Amino acid sequence: MAPRRVIIRNHSAEANLFARRTFIAFMGVMVLLLVLFSNVYSLQVASFEKYQTRSNSNRIKLLPVAPNRGLIYDRNGVILADNKPVYSLTVIPEQAKNLTESISQVSQLLDISSDRQKKFFSSVKRKRRFKQIELHPRLSEQQVALFSVNKHKFPGIFVDARLKRHYPFGKLTTHNLGYVARINRKDANKLELAGKSENYAATHGIGKLGIEKYYEDILHGNIGHQEVEINSQGRVIRTLDFTPPTPGKDLTLTLDIELQMIAKRALSGKRGAVVAMDPRTGGVLAMYSNPSYDGNLFVHGISSKNWKKIRNSKDLPLINRSVQGYPPASTVKPFLALTGLEEEFITPDTKIWDPGWYQLEGLPNKYRDWKKWGHGWVDLNRAIEQSCNTYFFALAFKLGITKVSTMMERFGFGDYTGIDIHEESKAIMPSVAWKRARYNQPWYTGETLSVGIGQSYWTVTPLQLTQAVTTLVNHGERKVPHLLKATKERSQNAEGQYQESLAQVIYEEQAPLVLKNKENWDLVLKAMHRTVQRADATGHAAFKGTRYNAAGKTGSAQVARIKQDEKYDAETTQENKRDNAMFIAFAPFEHPEIVVAVAIENVAKGGGGTNAGPVARQIMDQYFGARIITSSIDTVSSPLENITPHQHGHAQTNKEAETE
Amino acid sequence: MRSTGQDQQQVRSIWQKLHIDIPLLLGIMSLMALGLFIVYSAGGQSIDIVYRQAVRLGVALVIMFIIAQIPPLSYRKWAVPVFIIGILLLIAVLLFGHVGKGAQRWLDIGFMKFQPSEIMKLIVPIMVAWYISQENLPVKISTIIIAFILVLMPTLLIAKQPDLGTSLLIASSGIFVIFLAGASWKLIGICAGLASAFAPILWMFLMKDYQRQRVMTFLNPEQDPLGSGYHIIQSKIAIGSGGLEGKGYLQGTQSQLEFLPERHTDFIFSVFSEEFGLIGVAVLLLVYLFIVMRGLWIAVNAQHAFTKLLAGSLTLTFFVYVFVNIGMVSGLLPVVGVPLPLVSYGGTSMVTLLAGFGMLMAISTHRRFHV
């Protein structure tokens, strides 16, 4: 072992060296502390706003709150579309004691299918434990009651109420109101394009048809927001702020649900449509298409079984027949007569001889009257009263297709009436140009003759007929048919009370139809009056003994072509090839308050007078009820006055021009 | 006045007899008290966690007190055998160690588990200080080379576990001794050059994937904001959103709503700065500065080269804790698992830390009897 080295230490030198090094180290410490501090300074002071924003966006979330959809009422305040609570059974897995066991017990109690349970458990795996998961989407009232009694046994499971659209009249109103159903991808894309997605963030359903679709923006309202604080797992800790949603506006329609019921009853077992309108405003009083379907089925998502049933029905319940084209048949004769008078091809006294047919010079074809042996000498009144085809064949031939179609277009045939539902068809008002465009064929004179009795390519919708008759009874003043009468807004005032304000919808009038000779209006209207009032006229049977003074016109449209000289017999003809029955009517004759158009498909026997006329009468009987109708307008109380507006506003309605 | 002065002298001597350094104790206690409050806030406002932490602090303080009673020069006798045992234990950890959190750090010795690397935090500076203090200062090159090997052995063994934070602390504790012993600046320059040359080797061979990931994340945390960058981004948001005055005690949304990870342990500084703002941070840093100054004062006033080097190294290593922790949670340094000393929740490192302070106190109070 080596001897230990003797260490001679210079203690003070060592101490000095150490002190110097320690001082340097201390300086290093100070520098590093400054580095730390300046870094924290840059975070907390220089970038404070940036990090504050990021901190807030971490913890604050906006939860959208859906507005309540506006309700829909009929003109007398009867509710037609309502928001009804539906009860769903939801579970917060975190709060349940023993999830698997609780679910199986509650499923046994409420008879919940194993499919639903499976679906539930698969979503349990996907979702956070504190998020609500639906076990059953729609509990019956018994199930709700049963669960409520046993609630204490199932912590973490509860009944959740949500408002869903409900149509108390079901089938009766579907074609007018349409329905609300789940927002699908197409709807979502449309909302996105229109920049409305944000407003629909919490909304589940959207108007798919009818009024619900047309006035979607008014009915929907504006979204509200709940500002909540969440933690890193997304659990809501507390509510910071709440902006309540603005509910959609309520709509009051011009419809009268009682008239609508009568229309349904009158059409029961038939395919067809009824439209009743107030000619003073254009407000639609009743519009019913039979058969119909229940819009409520679609609100919760229709089952494939029900959907197949509706879609595959031979009676085509999905079609709104009141806005689909039918051959107008003789119902257009008053309008053709008016054209003849206006063009001065005829006078009220012009007479023709009707042998039972009409024949074009030099052609073998005979155009037959409905009365085989003819009407004999026929003037304007008789031609309309008796619905004489020969008279109108001759008139149409004289006028030519262009004069006819020009005038008919002025009545609105072949064009949208502008009613506030999107399902409307333009139907067809044939003309030379139309035929060229449609079939690339010239117009034949024979077709003009058919047009003279409302056949050939000509189709009109029952709604167009009511609009045309309205123009007629208003002596050319044209109204836009509409269903919306007023909108009602509920808003909170400063004291927090709800106020309702009603805004009548003002519809702009269309350019009037001005005749050279105004007396022509009354000539035609009187002829329609005689059609109903004279005992031997075609429209008399249906309106015998009414307390009100009605006028009208019948029509029977041939659906299938009948060969020259072939005899038509409804009894032996296939059901879908039988004639259609048509009827137009208005009352009271002096100051019309109601115009009705009826179309019934493939009637078994008889024509418009016997099949469609009684339907029109039932509507009018209901409309006038026990009222004593005099010719004085002052005593007539109008149902329009039932709703008194608090505030007059101009609710603009979007009349979107539809293109096909 | 005079009697008061005598009383003070009397009091001081009582603390001296108990081997307690009052300024150091005050600094430590104030940080501990602060730590309890922040642990309460960061730990979901549970009093349990505060209670557990208080018990640990008590145990650690007792250990500090006991160690303070041992004359510091006597450590020299134990330095070599304990260092050898420590190295053997580190090897044992690598061979039979208990795996926790993806790293092999724990040794199961029947009735308890412990981390030999923690003991090395104290033994390495003792060993190096003992070795260097045998000769005259400034330290010679040959001595430095031996000292480096003494430092490198435990450092590499711990880095292999892998525990980058601890190996960093141990390496720096040894290097501080060499620096304070007066290693020439030329040598320091060469070493710095070698260290930077060593970095790629470290990256390629010694670092595990998760450590590389941490470095990558440090370089660009926004690259993967929901994955590996999440911790550091949320921490910076917490600190930054605290602003000048902070959001208020228990009002820090980042911590209370659990956006911040490891709130009561490694990221407790973020909780503190969110709730107390820049003003709070300044006060906290001043307290740390005070402790460091006191430690260095003790070192400078120590009577023996060994105690000087040991005290200096322990103090500077303590500061490395502070710097690495705050640097990492505020985005200056990559995330390595180093707690904020005396404040973070946790037992093992707290005991080691206070044992170190016990040594500082011993050096401060025993010196008169060794002159």
Side-chain angles (χ1 to χ4, degrees), chain A residues 4-61 228-238 240, chain B residues 133-138 176 179-183 233-234 236-244 246-247 252-254 256-261 269 273-274 277-278 281-282 285-286 288-289 292-293 296-297 299-305 308-309 312 315-316 319-320 322-323 326-327 330-332:
Chain A
R4 218 180 163 159
R5 270 187 299 171
V6 181
I7 300 164
I8 303 149
R9 304 193 81 120
N10 184 342
H11 283 286
S12 74
E14 276 192 2
N16 276 338
L17 171 71
F18 185 82
R20 273 204 311 278
R21 283 293 163 105
T22 307
F23 182 73
I24 291 164
F26 178 67
M27 285 290 110
V29 167
M30 289 300 288
V31 168
L32 291 180
L33 271 179
L34 271 177
V35 168
L36 286 183
F37 186 77
S38 58
N39 182 46
V40 173
Y41 177 90
S42 85
L43 290 175
Q44 293 196 310
V45 177
S47 311
F48 171 64
E49 274 174 33
K50 171 185 158 192
Y51 286 111
Q52 190 182 39
T53 310
R54 291 186 68 173
S55 161
N56 283 340
S57 62
N58 256 350
R59 75 185 175 99
I60 296 169
K61 285 280 172 293
V228 294
E229 186 172 76
I230 56 152
N231 72 2
S232 60
Q233 282 108 52
R235 184 199 299 269
V236 172
I237 305 295
R238 62 192 165 128
L240 302 173
Chain B
S133 66
Q134 282 180 315
E135 293 185 19
N136 271 335
L137 300 186
F176 284 140
F179 173 78
L180 292 173
I233 290 173
Q234 293 304 332
K236 282 169 87 170
I237 292 173
I239 297 170
S241 64
L244 189 64
K247 294 175 182 171
T253 55
Q254 283 289 105
Q256 302 303 326
L257 299 173
E258 299 164 26
F259 289 103
L260 200 58
F269 176 80
S273 25
E274 185 186 21
L278 190 66
V281 171
L285 291 183
L286 284 176
Y288 278 121
L289 179 62
V292 169
M293 283 167 74
L296 293 180
W297 187 88
V300 170
N301 288 288
Q303 304 283 303
H304 194 278
K308 273 181 196 291
L309 292 174
T315 307
L316 291 174
F319 176 74
V320 170
V322 178
F323 181 76
I326 296 180
S330 62
L332 274 182

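Throughout, a chain's letter reflects where its sequence line sits, starting with A, and its residues are numbered from 1. Remember, it's a predicted structure, so these values are computed and weren't measured experimentally.
Comparing B:Ala238, B:Gly277, B:Gly240 by heavy-atom pairs within less than 4.5 Å of chain A, the highest count is held by B:Gly240. Comparing A:Phe23, A:Phe37, A:Phe48, A:Phe18 by how many heavy-atom pairs each has under 4.5 Å with chain B, the most go to A:Phe18. Ranked by non-hydrogen atom pairs under 4.5 Å with chain B, the options A:Thr22, A:Ile24, A:Val29 are led by A:Val29. Between chain A and the options B:Val300, B:Leu180, B:Leu309, the largest number of non-hydrogen pairs under 4.5 Å is found for B:Leu180. Heavy-atom pairs under 4.5 Å with chain A peak, among B:Ile239, B:Ile326, B:Val320, at B:Ile239. Note: B:Leu285 leads B:Leu285, B:Leu260, B:Thr315 in heavy-atom pairs under 4.5 Å with chain A.
No donor-acceptor pair closer than 3.5 Å links the side chain of A:Arg21 to the backbone N or O of B:Ala181. Checked by atom type and distance alone, the side chain of A:Arg235 never pairs as donor or acceptor with a backbone atom of B:Leu257 at under 3.5 Å. Between the side chain of A:Gln44 and the backbone N or O of B:Ser273, at least one donor-acceptor pair lies under 3.5 Å.
Among B:Glu274, B:Gln234, B:Lys247, the one residue that satisfies the side-chain hydrogen bond (donor to acceptor under 3.5 Å, both in side chains) test with B:Gln254 is B:Gln234.
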* Asked: Given the rule in the side chain to side chain contact (heavy atoms under 4.5 Å, CB included) test, do B:Thr253 and A:Asn56 qualify, once you have shown the distances and angles that lead to the verdict?
  -> CA-CA 8 Å; B:Thr253 55; A:Asn56 283 340; 5.6 Å; no
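In this structure, A:Asn58 CG and A:Thr53 OG1 are separated by 11.0 Å, a value rounded to the nearest 0.5 Å. Note that the CG atom of A:Leu34 and the OH atom of A:Tyr41 stand 13.5 Å from one another [nearest 0.5 Å].
No donor-acceptor contact under 3.5 angstrom links the side chains of B:Lys236 and A:Ser47, judged on distance only.
Interface residue B:Ala282: backbone and side-chain heavy atoms are both found under 4.5 Å from chain A. Contacts of B:Phe319 with chain A are made by side-chain atoms alone, with heavy-atom separations under 4.5 Å and no backbone atom involved. Proximity to chain B is limited to the side chain of A:Ile237, based on heavy atoms less than 4.5 angstrom apart. Looking at A:Val45, only its side chain comes within 4.5 Å of chain B, counting heavy atoms on both sides. With a 4.5 Å cut-off on non-hydrogen atoms, A:Glu229 touches chain B through its side chain but not through its backbone.
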